[in-house]
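Every chain is numbered from 1 and lettered A, B, ... according to where its sequence line falls, protein lines coming before strand lines. Fair warning: this is a prediction, and the values are worked out from it, not measured in the lab.
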Protein chains: 2
Amino acid sequence: MDCPQLKLENQLCFPLYAASKEITRRYAPYLEPLDLTYTQYIVMLVLWEEKKCNVSELGKKLFLDSGTLTPLLKKLEAKGYIQRTREQSDERCLSVSLTAEGESLKRKAASVPKSMASCVNLSEPEAKTLYTLLYKVLEGFTAE
Amino acid sequence: MDCPQLKLENQLCFPLYAASKEITRRYAPYLEPLDLTYTQYIVMLVLWEEKKCNVSELGKKLFLDSGTLTPLLKKLEAKGYIQRTREQSDERCLSVSLTAEGESLKRKAASVPKSMASCVNLSEPEAKTLYTLLYKVLEGFTAE
DNA sequence: TAAAATTGAATTGTATACAATTAAAATGAA
DNA sequence: TTCATTTTAATTGTATACAATTCAATTTTA
């Protein structure tokens, strides 16, 4: 059995998987001064934009479920970056919002994207193409 | 603070992270009949090509370390797909090779790539471009 | 309106991931 | 040749991920 389609080099999934992991790993040194992991960082990105968000909204935006988010949000709360409160109007919903400390952390994070961009060896147009193709893959999925 | 560079939509890392996770997740139904997870599957891809490989070689090819591979390889051994033996010439090295059952699993796996490709909503040239850009990112990293 | 269905988080269980450390084996230098 | 160094896996500890289940709150329906 030759099966060229089973060769690692013929998979599209693999460089996607490997590149994603490598990028996440290389974020760590830049995120460590903020006391954030990569996943915690993208949650903070949403909150810096939205100010307030419940768990299911976070999950939809970030492709994460409550099994991942619940413990992660408890950690962010323990660090003092966010508050978790039940919504008055619907006690099922957990509302997540920034503390003053969480808000001020945004200033320290401002330099992270530039530092990371310099790690990725792509030209601006290449990066844009990659971005577009990745979103096309994602949207092709959500279409189901 | 406006900080456009901190918006989720301006990150290249995020669609990479999300698309990778989604693809991995969508492999599961196709891999379940093989009793393989995604990571176990890519280990098998290497072994179907190489026949024999030690842990550090696997790690280099797949961007995984021994902390991930050691327990994963023990599971593949427990399933009866691989053998783990110390090399005669250097007892530090653990040689991983296919059993007859692991080898014959290749036949059942042959249809997986085509099934997955149909999940990804890209034209052939788009997929090729994506592939090339992802490897460029990966190679830019290994250059350090 | 009371029961059924749905929704939103939390919990449980399994499987990665990776940093840091450990331990054994092999190599190299004095 | 002996001891320090290096190499290779394994182990430990922390942090995701996600499927499946549970549980409480809300909504829908008969």
Side-chain angles (χ1 to χ4, degrees), chain A residues 13-14 17-29 31-32 34-44 53-79 82 84-96 141, chain B residues 13-14 17-29 31-32 34-44 53-79 82 84-96 141:
Chain A
C13 64
F14 174 66
Y17 162 82
S20 171
K21 280 196 307 142
E22 273 302 292
I23 289 204
T24 299
R25 202 173 69 77
R26 280 153 197 273
Y27 261 98
L31 296 178
E32 206 207 326
L34 313 184
D35 192 20
L36 292 175
T37 64
Y38 176 74
T39 314
Q40 291 166 7
Y41 171 68
I42 61 175
V43 167
M44 293 301 285
C53 207
N54 66 38
V55 174
S56 69
E57 288 163 351
L58 272 173
K60 239 167 273 172
K61 271 185 213 295
L62 299 177
F63 293 79
L64 293 170
D65 77 358
S66 66
T68 303
L69 285 172
T70 295
L72 186 150
L73 292 171
K74 286 180 180 172
K75 280 172 204 157
L76 286 178
E77 187 179 44
K79 292 180 207 275
I82 66 167
R84 296 162 66 248
T85 47
R86 291 285 161 184
E87 269 169 34
Q88 300 280 322
S89 58
D90 187 341
E91 289 280 340
R92 289 172 304 182
C93 297
L94 186 82
S95 180
V96 180
F141 280 155
Chain B
C13 63
F14 174 66
Y17 163 82
S20 170
K21 279 195 308 141
E22 274 302 293
I23 288 204
T24 299
R25 202 173 68 76
R26 280 154 196 273
Y27 261 99
L31 296 178
E32 206 207 325
L34 313 184
D35 192 20
L36 291 176
T37 64
Y38 177 74
T39 314
Q40 290 166 8
Y41 171 67
I42 61 174
V43 167
M44 293 301 285
C53 205
N54 66 38
V55 175
S56 70
E57 288 163 350
L58 272 174
K60 239 167 273 171
K61 270 183 215 295
L62 299 176
F63 293 80
L64 293 171
D65 77 358
S66 67
T68 303
L69 284 172
T70 296
L72 186 150
L73 292 171
K74 286 180 181 173
K75 281 171 204 157
L76 286 179
E77 187 179 43
K79 292 180 208 274
I82 65 166
R84 297 162 67 248
T85 47
R86 292 285 162 183
E87 267 168 37
Q88 299 282 320
S89 59
D90 186 340
E91 288 279 340
R92 290 170 304 180
C93 296
L94 186 82
S95 180
V96 180
F141 280 155

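- For the pair A/Arg86 CZ and D/dT26 C1', the interatomic distance rounds to 13 Å; values are reported in whole Å.
- Remark: B/Lys61 pairs with B/Glu50 by the salt bridge (charged side-chain N to carboxylate O under 4.0 Å, His left out) rule, at least two apart or across chains.
- Using a 4.0 Å cut-off, no side-chain N or O of B/Asn54 falls inside it from OP1 or OP2 of D/dT8.
- Close to D/dT7, at under 4.0 Å from its OP1 or OP2, lies no side-chain N or O of B/Lys60.
- Going from atom NZ of B/Lys74 over to atom P of C/dA15 covers 15 Å, rounded to whole Å.
- Summarising the geometry, the separation between CG on A/Leu94 and P on C/dT11 is reported as 11 Å, rounded to the nearest angstrom.
- Heavy atoms only, all atoms of each residue included: B/Ile82 and B/Met44 are closest at CG2-SD, 4.2 Å.
- Comparing B/Glu91 and B/Lys79 by the nucleotide of DNA chain C that holds the closest heavy atom to each, the one mapping nearer the 5' end is B/Lys79.
- Qualifying salt bridge (charged side-chain N to carboxylate O under 4.0 Å, His left out) partners for B/Asp35, counting only residues two or more places apart in sequence or in other chains: B/Lys79.
- Residues passing the salt bridge (charged side-chain N to carboxylate O under 4.0 Å, His left out) test with A/Asp90, sequence neighbours excluded: A/Arg92.
- Taking 4.0 angstrom as the limit, B/Ser56 places a side-chain polar atom (N or O) nearer than this to OP1 or OP2 of D/dA9.
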Pairs of donor and acceptor atoms involving the side chains of residues 71-78 of chain A, under 3.5 Å and at least two apart or interchain, shall be tabulated with distances.
from, atom 1, to, atom 2, distance (Å)
A/Glu77, OE1, A/Arg84, NH1, 3.3
A/Glu77, OE2, A/Arg84, N, 3.4

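- One atom, CZ of B/Arg92, and another, P of D/dA9, lie 9 Å apart when rounded to the nearest Å.
- Closest-nucleotide positions on DNA chain C for B/Ser89 and A/Leu73 were compared, and the one nearer the 5' end corresponds to A/Leu73.
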* Structure fact -> Per-nucleotide protein contact along nucleotides 16-23 of chain D, 5' to 3', at a 4.0 Å heavy-atom cut-off (B base, S sugar-phosphate only, - neither), is SBBB----
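- At whole-Å resolution of the value, CG in A/Asp35 and P in D/dT14 are 14 Å apart.
- Atom pair A/Asp90:CG and C/dA9:P shows a separation of 8 Å (rounding to whole Å applied).
- The line from CZ of B/Phe63 to CD1 of B/Ile42 is 10.5 Å long, rounded to the nearest 0.5 Å.
- Among residues two or more places apart in sequence or in another chain, the side chain to side chain contact (heavy atoms under 4.5 Å, CB included) test is passed with A/Glu57 by A/Cys53, A/Asn54.
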